[in-house]
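Structure, as structure tokens:
Both backbone and side-chain heavy atoms feed into the values below; hydrogens, waters and symmetry mates do not.
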Amino acid sequence: EQRFGKLKRNTLPFSYVGIEHTRINKHLFLHQHTYTSKTKPIHIPKDRLVTPTSPCTPHEQTQYRSLVCSLLWITLTRMDTVLEVTLLQQHMVTPTIADMMMANKLLKKASKKTHMTGLWYRALAPPYRILAVADASYATKHTSYAQEAECVLLATDVDFHPVNKS
């Protein structure tokens, strides 16, 4: 307590590091709608939009990195943005004006599409089942990197039938 202060105990609803925690019926809902709405797009001057393949200036590169990192934070509760953010991250060292435009477009999409988006934790009843889903893409003309993802889920096992050992 001397070093970090008194322990705080939050009750629902509350917000912590940009993630809002609420209870809807018996379910816990985590979202970042306020954080997303406060994230600002990169201002790109009209004369720079004419040549989308031109490299960013050092100042624009800093703005790009900042926005991509903000978008990365949003992926904690927005699984629908993960692939696009991953693609944007591949251009962190040498972004172009087109990359900044794509980052702005993704922020706009994430800001508009907020209804029911986030993480839902449903109240589960035993027996439980662990599910795993994996998928991968392939390299494209824009990148030589394939994308892959894994998701591990905990669910109620509705197909569970106990074996009668008599």
Side-chain angles (χ1 to χ4, degrees), residues 3-25 27-122 133-153:
R3 186 171 177 192
F4 298 106
K6 189 171 182 172
L7 176 68
K8 295 178 186 176
R9 175 163 238 153
N10 292 317
T11 57
L12 294 171
F14 69 92
S15 180
Y16 182 70
V17 295
I19 301 174
E20 298 172 53
H21 302 69
T22 58
R23 184 173 302 282
I24 299 177
N25 297 326
H27 312 299
L28 183 62
F29 179 49
L30 279 59
H31 63 88
Q32 294 172 290
H33 302 160
T34 303
Y35 177 84
T36 304
S37 68
K38 290 181 179 181
T39 304
K40 303 293 183 213
I42 303 167
H43 171 71
I44 307 170
K46 287 185 179 181
D47 62 319
R48 297 285 283 148
L49 293 171
V50 177
T51 54
T53 57
S54 64
C56 291
T57 66
H59 176 70
E60 290 170 337
Q61 187 175 11
T62 300
Q63 290 180 307
Y64 178 77
R65 288 177 176 173
S66 177
L67 180 54
V68 172
C69 288
S70 294
L71 290 167
L72 181 61
W73 186 250
I74 292 169
T75 64
L76 289 174
T77 60
R78 292 289 302 268
M79 299 305 293
D80 60 318
T81 63
V82 172
L83 176 65
E84 291 159 296
V85 171
T86 303
L87 294 173
L88 290 171
Q89 285 182 303
Q90 294 177 8
H91 304 283
M92 294 292 268
V93 177
T94 56
T96 63
I97 299 301
D99 297 325
M100 289 197 311
M101 292 165 56
M102 287 180 62
N104 281 347
K105 184 178 178 181
L106 179 56
L107 176 61
K108 185 176 182 179
K109 174 185 159 186
S111 297
K112 280 187 173 181
K113 186 181 174 188
T114 59
H115 181 68
M116 305 295 278
T117 56
L119 295 178
W120 288 88
Y121 293 94
R122 299 178 136 211
V133 180
D135 196 10
S137 71
Y138 48 87
T140 67
K141 66 178 181 179
H142 300 290
T143 178
S144 59
Y145 298 105
Q147 304 295 317
E148 63 180 69
E150 296 175 12
C151 187
V152 179
L153 308 161

Trace of the side chain to side chain contact (heavy atoms under 4.5 Å, CB included) decision for Leu67 with Met100: CA-CA 9 Å; Leu67 180 54; Met100 289 197 311; over 6 Å; no
Pair Thr114-Thr36, side chain to side chain contact (heavy atoms under 4.5 Å, CB included): steps then yes or no: CA-CA 9 Å; Thr114 59; Thr36 304; 5.6 Å; no
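One distance of note links NZ of Lys40 with OG of Ser111; it measures 9.5 Å at 0.5 Å rounding. Between the CZ atom of Phe14 and the NZ atom of Lys8 there is a distance of 12.5 Å, given to the nearest 0.5 Å. Atom OG1 in Thr75 sits 9.0 Å away from atom CG in Leu71 (nearest 0.5 Å). Atoms OG1 and NZ, from Thr81 and Lys109 in turn, are 7.5 Å apart once rounded to the nearest 0.5 Å. One finds the CG atom of Leu30 at 13.0 Å from the OH atom of Tyr16 (value rounded to the nearest 0.5 Å). Annotation: the span from Asp99 atom CG to Thr94 atom OG1 amounts to 8.0 Å, rounded to 0.5 Å.
When every heavy atom of Pro55 is checked against every heavy atom of Arg48, the shortest pair comes out as O-NH2, 3.0 Å. Leu12 and Thr22 make their closest contact through CD2-N, 4.1 Å (heavy atoms, listed as atom of the first residue, atom of the second, distance). The two atoms that bring Cys151 and Leu153 nearest to each other are SG-CD2, 3.6 Å, heavy atoms only. Of all heavy-atom pairs between Tyr64 and Ala103, the closest is CE1-CB, 4.2 Å. For Ile74 against Gln32, the heavy-atom pair with the smallest separation is O-OE1, 3.0 Å. When all heavy atoms are compared, the tightest approach of Met92 to Arg65 is O-NE, 3.1 Å.
Using a 4.5 Å cut-off on side-chain heavy atoms (C-beta onward), Thr39 and Leu107 make contact. Side-chain contact check for Ile42 versus Asn104: some heavy-atom pair is nearer than 4.5 Å. His33 places a side-chain heavy atom less than 4.5 Å from the side chain of Thr117. For the pair Glu60/Pro95, no side-chain contact is recorded, criterion being any heavy-atom separation below 4.5 Å from C-beta on. Using a 4.5 Å heavy-atom cutoff, the side chains of Lys113 and Arg78 are in contact. Side-chain contact between Leu88 and Met102 is present, with heavy atoms from C-beta onward closer than 4.5 Å. Between His21 and Asn10 the shortest side-chain heavy-atom distance does not fall below 4.5 Å. Taking the side chain as every heavy atom from C-beta outward, Ile97 and Ile44 approach each other to under 4.5 Å.
Proximity of a side-chain donor or acceptor of Tyr35 to a complementary backbone N or O of Glu20 within less than 3.5 Å is not detected. Proximity of a side-chain donor or acceptor of Ser66 to a complementary backbone N or O of Thr62 within less than 3.5 Å is not detected.
Within 6.0 Å of CZ on Arg122 lie no more than 12 heavy atoms contributed by other residues, nucleotides or ligands. Applying the 6.0 Å contact sphere to OH of Tyr121 captures no more than 12 heavy atoms from other residues, nucleotides or ligands. Applying the 6.0 Å contact sphere to CE of Met79 captures no more than 12 heavy atoms from other residues, nucleotides or ligands.
Taking the six-membered ring for Trp and thresholds of 30 and 60 degrees, His27 and Trp120 have ring planes more than 60 degrees apart, a perpendicular arrangement.
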